[in-house]
Number of protein chains: 2
Amino acid sequence: MGKILENKPACLHCNAVIHSVFNVLDNEQLEDLNKHKTCSSYKKGQYVFNELGMPNGLYCINTGKIKLSTTGFDGKEQILSLVKEGEILGYRALIADERYHCSAVAIEDSSICIIDKSYFNSTIIKNNKLLIEIVKKVSGDLKLAENHLVSLSQKNVRERLAEALLFIKATYGCLEDGATLNVTLSREEIADYVGTSTESAIRLLSEFNHDKIIELIGKKIKILNLQLLIKTANLND
Amino acid sequence: MGKILENKPACLHCNAVIHSVFNVLDNEQLEDLNKHKTCSSYKKGQYVFNELGMPNGLYCINTGKIKLSTTGFDGKEQILSLVKEGEILGYRALIADERYHCSAVAIEDSSICIIDKSYFNSTIIKNNKLLIEIVKKVSGDLKLAENHLVSLSQKNVRERLAEALLFIKATYGCLEDGATLNVTLSREEIADYVGTSTESAIRLLSEFNHDKIIELIGKKIKILNLQLLIKTANLND
DNA sequence: GATTAAACCTGCCCAATATCATGTTTTAAA
DNA sequence: TTTAAAACATGATATTGGGCAGGTTTAATC
């Protein structure tokens, strides 16, 4: 459990709202939403929820970055997705009233709002526009998962790593220099997204560094040659 | 395009309805639905829709079997899912009003109902219960995709092939003998689901056959030792 | 029934990548 | 500050599984 914040951010003034499924709510509805939530802070590495747990509310990331992962067959972790502020989490388990089947872990200190399960079931689920937004959101997630799946099935590790760096850039963006990825992931985490061994991820990152595609600055990754990275990823869309 | 059937099956008497998202509709609504659809037949191998096309309605499989696949990077096919009667197709592209991003191909002769796009947009999408069913449906699809993804990422070809056979059994069931899979897929199609080469799929099926896990009878596959198949798949749930 | 094409099968070789081992650097904790 | 523990790095080796080649069987077409 995260640490509950005394002064929770107001939905009405939340910057994340316009990019979230809640963009279809009017001010009154946002005020109402605000009354039925709490907000907690999570330290880097802390679990927001675990794949074995039952849902007790709808999570909405206020600030911070979260990874969604699942534990595979000999305990190996697979990162399914990386998410940022404005994204909702745990809606699937909530609607189907079943266990989460992936875990959510903070990859940096984050603050997350939790909307009451009862409010969700009594009110949100009655709102047509919002439901359509949720369908669109799940559909988008499915599309991403399927693309990831095809890459895992058909691309080699080098291509997948390049693709992963582009995905990270697309998700979290860059620092002010417009090239350094705005997130710190361990080599193991990168490997767990790419679906390879930590050693292979390290080796290939070194290669990319040597080939001047990227520059490794401590744990930060700077993209030096975006065109070459895209070419290395062998994208077709 | 499939061949339009003169005497389309009535939704009210459709056996597939209770297992589909339409189970929440009452008789009156089913009658109404029936008025806004056509039904076409598709021969084995025929495209129901192509990943490049725009949606013109919601597809609902009346009888038959369909594969959902996408074309990867050097034209290699990836089968994303296998579906049967009662399943709806193409809802994502319809709701988001964008191109399909996978193709649907009949793997045996099928008859499929197509519900008008305008009816979908004007009526279905206003039905809250139905929307919730659709959210549950997409969520289930996403869960399947994620499981497939983890397998592709972490399991070897032997394990994935065993898992694929179990997936086929779970999806299409068996013939009267309770052991022979009730579908005919080519080795290439199996490989395209498993994410391996056709040769590897053939080789491993022969091994399974030799090890008495399965028996290959022409193009039919009979599961001789389900326990061993499950063990080979290395499932953890 | 003859001909052709597609699907299926098997052996061989090799590249990609996992695994193991060992060392170094960075970070965290005492 | 010292110590311990992660995280990172790189070389050596083993294994998986892909690709090619050449075959056979099955299915489709004339």
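Protein chains get the first letters and strands the later ones, always in sequence-line order, with residue 1 at the start of each.
You'll find the side chain of N182(A) reaches within 4.5 Å of the side chain of L175(A), heavy atoms only.
Other residues, nucleotides and ligands contribute at most 12 non-hydrogen atoms within 6.0 Å of the CG atom of N15(A). Counting heavy-atom neighbours within 6.0 Å of K220(B) NZ, excluding the residue itself, gives a total above 12. Taking a 6.0 Å sphere around CD1 of I4(B), one finds it holds 12 or fewer heavy atoms contributed by other residues, nucleotides or ligands.
Identified under the salt bridge (charged side-chain N to carboxylate O under 4.0 Å, His left out) test for residues 48-69 of chain B, with sequence neighbours left out: K65(B)-E108(B), K67(B)-E77(B), K67(B)-E189(B). The salt bridge (charged side-chain N to carboxylate O under 4.0 Å, His left out) contacts involving residues 195-214 of chain A comprise R158(A)-E207(A), R158(A)-D211(A), where partners must be two or more places apart or lie in separate chains. Within the structure, side chain to side chain donor-acceptor pair (under 3.5 Å) contacts touching residues 222-231 of chain A (residues at least two apart or in different chains) do not occur.
Rounded to 10 degrees, the angle separating the terminal axes of the helix from dG1(C)-dC30(D) to dA30(C)-dT1(D) is 50°, with each axis obtained from five end pairs.
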CA sep, side-chain torsions, deciding dist, call: E98(B), R92(B), salt bridge (Lys or Arg N to Asp or Glu O under 4.0 Å) | CA-CA 8 Å; E98(B) 58 188 25; R92(B) 278 187 279 163; over 6 Å; no

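Using modelled atom types, no side-chain atom of S153(B) and backbone atom of L149(B) make a donor-acceptor pair closer than 3.5 Å. Under a 3.5 Å cut-off, the side chain of K137(A) and the backbone N or O of V21(A) do not form any donor-acceptor pair.
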Taking only N/O atoms, report every protein-nucleotides 7-10 of chain C pair under 3.5 Å with atom names and distance.
| residue | atom | partner | partner atom | Å |
| --- | --- | --- | --- | --- |
| dA7(C) | O3' | K219(B) | NZ | 3.3 |
| dC8(C) | OP2 | R187(B) | N | 3.1 |
| dC9(C) | OP2 | R187(B) | NE | 2.8 |
| dC9(C) | OP2 | R187(B) | NH2 | 3.1 |
| dT10(C) | OP2 | S206(B) | OG | 3.1 |

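Taking a heavy-atom distance under 4.0 Å as the criterion, the stretch of DNA chain D touched by chain A extends 5' to 3' from dA7(D) to dA12(D).
Rounded to an integer number of Å, the gap from D74(A) CG to dT19(C) P is 8 Å. Note: NZ (K155(B)) to C1' (dA18(C)) measures 18 Å, nearest angstrom.
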